[in-house]
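Scroll down for the structure; my scribbles are underneath it.
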Amino acid sequence: MKLSNFVLLLLVLNFLSCSNEKQEAEAKHAEYPITGVPFSKVKVNDNFWLPKIETNRTATIPASFQKCEEMGRLENFLIAGGKMEGIVRGDMPFDDTDVYKIIEGASYSMTTIPDPKLDAYVDSLIEIIAIGQEEDGYLTTWKTIDPTHSPAHWCPPGERWEGLVCSHELYNAGHMFEAATAHYLATGKTNFLDIATKNADLLLSVFGPGKNPEVPGHQIVETGLIKLYLVTEKQEYLDLAKHFLDGRGDSTKREIWGPYNQDHKPVIQQEEAVGHAVRAAYMYAGMTDIAALYNDEAYTIAVNNIWDNVVNKKMYITGGIGSLHDGEAFGENYELPNLTSYNETCAAIANVYWNYRMFLLHGDSKYIDVLERSLYNGVISGVSLDGTNFFYPNPLSCDMHYHFNRGHLERQPWFDCSCCPSNLCRFMPSVPGYIYAQNDNEIYVNLFVQSSTKTKLSETDVNVMQETNYPWDETVLIKISPEEKSKFTVRVRIPGWAQNQPLPGDLYSYSNTVGRKAEILVNGKKINFEINNGYAVLTREWSVGDEIRLTLPMEVRKVTASKLVEDNHGKVSLERGPLVYCVEEKDNPEIESIVVSNETQFSNHFKNDMLSGIEIIEAKGKSMGETFTAIPYFVWNNRGANKMDVWLKEN
Ligand code: FUB
Ligand code: ZN
């Protein structure tokens with residue numbers, strides 16, 4: 001792949017929105033195999049995502065800014081800049097990043113819905129951030145305030161760049177780069193970008209061949225640098241990103257830190273997902289960027305191998321990754337406990353970032369299958385329906401004894417380590433960016449969300465519209481209206497679950513396979529279609545008003561896990577469409593006696609008045625235990641703490 005191809009490819013990754021003419025002009029110069037249609041070009045008008053994105057804008061982002069103010073996150077910048085007296089506030093060496101991540105979310109939000117008040121507030125925060133930056137560009141407030149005093153008992157104090165394994169200086173930089181890029185693309189202003197490039201230039205003078213050989217203890221600076229490169233075109237930023245990745249696990253130049261930091265062997269030799277899950281998934285996203293950007297086979301092979309390991313051995317049915325509380329880490333192969341599953345919200349988000357890049361690199365819908373599963377289950381379970389309370393871990397069972405949510409049984413408004421709420425702030429407004437993608441003469445319909453967009457193919461511009469009540473209903477109407485009648489391809493994703501495969505790989509399977517297949521009508525006529533890389537490939541001469549009607553078999557399905565997953569022996573979980581279901585004590589006072597047998601009958605119906613409107617599953621059978629109600633996993637724990645199970649005993 002040519003460098004310029006990848007530049008554009010990355011430009012349209014979920015974070016990056018081309019909202020002004022300058023960016024559109026940049027985009028026109030590039031060529032690339034597949035590019036996502038950026039969220040700023042997609043108008044979502046559905047009943048599922050739009051309310052969630054709106055809740056993020058009106059509740060989550062303001063509440064999170066408020067928390068940053070209350071918890072001293074802003075004061076740290078002022079103290080660092082000598083405008084206030086005091087010692088560092090907060091408990092984490094990366095508290096600065098909460099401010100950055102919420103600004104990133106606010107920037108995305110402003111791209112879709114202009115908000116002058118929010119714009120002015122964000123500018124005032126950027127002024128405060130600038131105060132915390134040292135003359136030479138250095139910016140990590142706790143070290144500037146007093147390098148002899150660490151806010152975290154688990155990370156010793158030290159001068160600049162000392163103790164990078166835990167100091168988070170490069171993690172702080174990475175989130176700043178991602179946020180500053182988003183802010184620049186959203187507003188066209190350079191006030192934040194200037195802070196970021198000043199810091200990145202300092203990194204260039206400190207790290208790189210023949211300089212400080214250390215690598216980040218927590219990855220994200222790599223993708224941050226790549227985004228900075230995309231907007232500045234400064235090649236050194238890109239080179240430094242690759243340099244940081246190349247340096248991991250190389251014991252000839254530095255003392256390596258081991259598997260927890262994915263620093264046990266060179267990244268291109270890694271085959272198994274190990275260690276801290278968020279670090280890992282951010283790194284795999286960065287590696288995928290490098291694989292595409294440099295057309296690097298070794299990087300491509302490595303991310304393919306690691307991906308195979310994750311989907312076949314280390315992923316929850318909810319798309320969650322990182323099963324262990326201990327170290328917030330991946331467990332051994334098939335080590336997927338339910339009650340104690342960690343499944344950090346940030347890791348689910350990182351899994352989306354990574355899988356989207358894998359799709360852009362390979363054009364296979366199996367990556368979108370993983371992305372969709374994470375998105376509809378393990379990501380949005382992280383936030384309450386009102387947008388103000390959060391899960392850090394997302395377990396698959398709750399017994400009311402194991403206080404899984406950092407000592408609590410319910411979602412919390414904030415945490416001492418508040419990475420997950422601020423990650424949701426930045427993630428939610430970007431969801432429309434995962435729906436469509438394209439290359440020269442093909443349009444990909446990846447997610448089924450009522451929405452519209454306009455894509456520019458080589459021959460013509462094409463308006464694409466979806467009408468659907470997905471994920472509740474199984475029909476999707478896709479309207480294709482080219483400005484000029486012309487021949488091109490529409491690739492409509494046929495989800496794995498609609499082809500009797502819950503996830504790519506053999507970790508999970510359905511015990512009641514459904515005979516009904518996905519069906520497609522074009523302009524009212526049923527067609528036979530080929531499935532290629534997971535897509536129905538519809539190539540024809542399209543004209544204004546053409547319609548594709550997709551019907552997906554949304555029967556209730558029973559999932560079983562590989563026998564190697566000990567916790568799920570003799571158990572099944574329920575799914576419908578992309579949604580994983582669970583049972584809660586609220587609906588099922590006798591939750592412990594719930595059982596599923598071959599005779600259990602399932603029906604589903606929509607309950608408008610329940611949990612903001614959900615499709616419930618009702619089970620009926622010969623025994624009392626077979627009569628129960630299941631709800632989508634992502635809404636559990638919105639009616640107070642109570643027992644919950646995803647995996648149900650099978651009789
Ligand atoms: O270390 C920064 C963030 O805090 C990680 O990504 C999360 O897992 C939490 O530990
Ligand atoms: Zn987190």
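Computed from heavy atoms alone, side chains included, the values below leave out hydrogens, waters and symmetry copies. It should be emphasised that the depicted structure is a prediction, and the values quoted were computed from it without experimental measurement. Every number for a ligand or one of its atoms is a count from 1 in the order of the listing. Just so you know, residue 1 is the first one in the sequence shown, and it goes up from there.
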Residue and atom name of the nearest protein heavy atom (relative to atom 6 (O) of ligand 1), distance in Å to one decimal: His218 NE2, 2.7 Å

Worked verdict on Phe427 versus Phe39 for ring pair (Phe, Tyr, Trp, His ring centres under 6.0 Å): CA-CA 11 Å; Phe427 178 77; Phe39 69 87; over 10 Å; no

Per-atom contacts of ligand 1 with Glu328, taking only distances under 4.0 Å to non-hydrogen atoms: 7 (C), 8 (O), 9 (C), 10 (O)

Nearest-neighbour protein heavy atom for atom 1 (O) of ligand 1, which is reported as residue plus atom name and distance: His168 NE2, 2.8 Å

Counterpart residues, salt bridge (Lys or Arg N to Asp or Glu O under 4.0 Å), relative to Lys313 (two or more places apart): none

Tyr282 to ligand 1, any heavy atom closer than 4.0 Å: no

Cation over ring face, Arg254 and Trp257, 6.0 Å, 45°: yes

Selected option - heavy-atom contact closest to atom 9 (C) of ligand 1, from Tyr342, Tyr392, Phe415: Tyr392

Ligand 1-proximal atoms of Cys346, by part, heavy-atom distance under 4.0 Å: neither

Within 45° cone of Phe390 ring axis and under 6.0 Å: Arg411 NZ or CZ: no

In the protein, N/O/S atoms that are found under 2.8 Å from the Zn ion (ligand 2), waters not counted: Glu344 OE2, Cys346 SG, Cys419 SG, Cys420 SG

Ligand 1 contact on Met92 by region, counting heavy-atom pairs under 4.0 Å: neither

Reference residue Tyr434; test ring-ring contact (aromatic ring centres under 6.0 Å, His included); the match among Tyr376, Tyr367, Tyr356: Tyr356

Nitrogen or oxygen atoms of Arg279 and ligand 1 under 3.5 Å apart: no

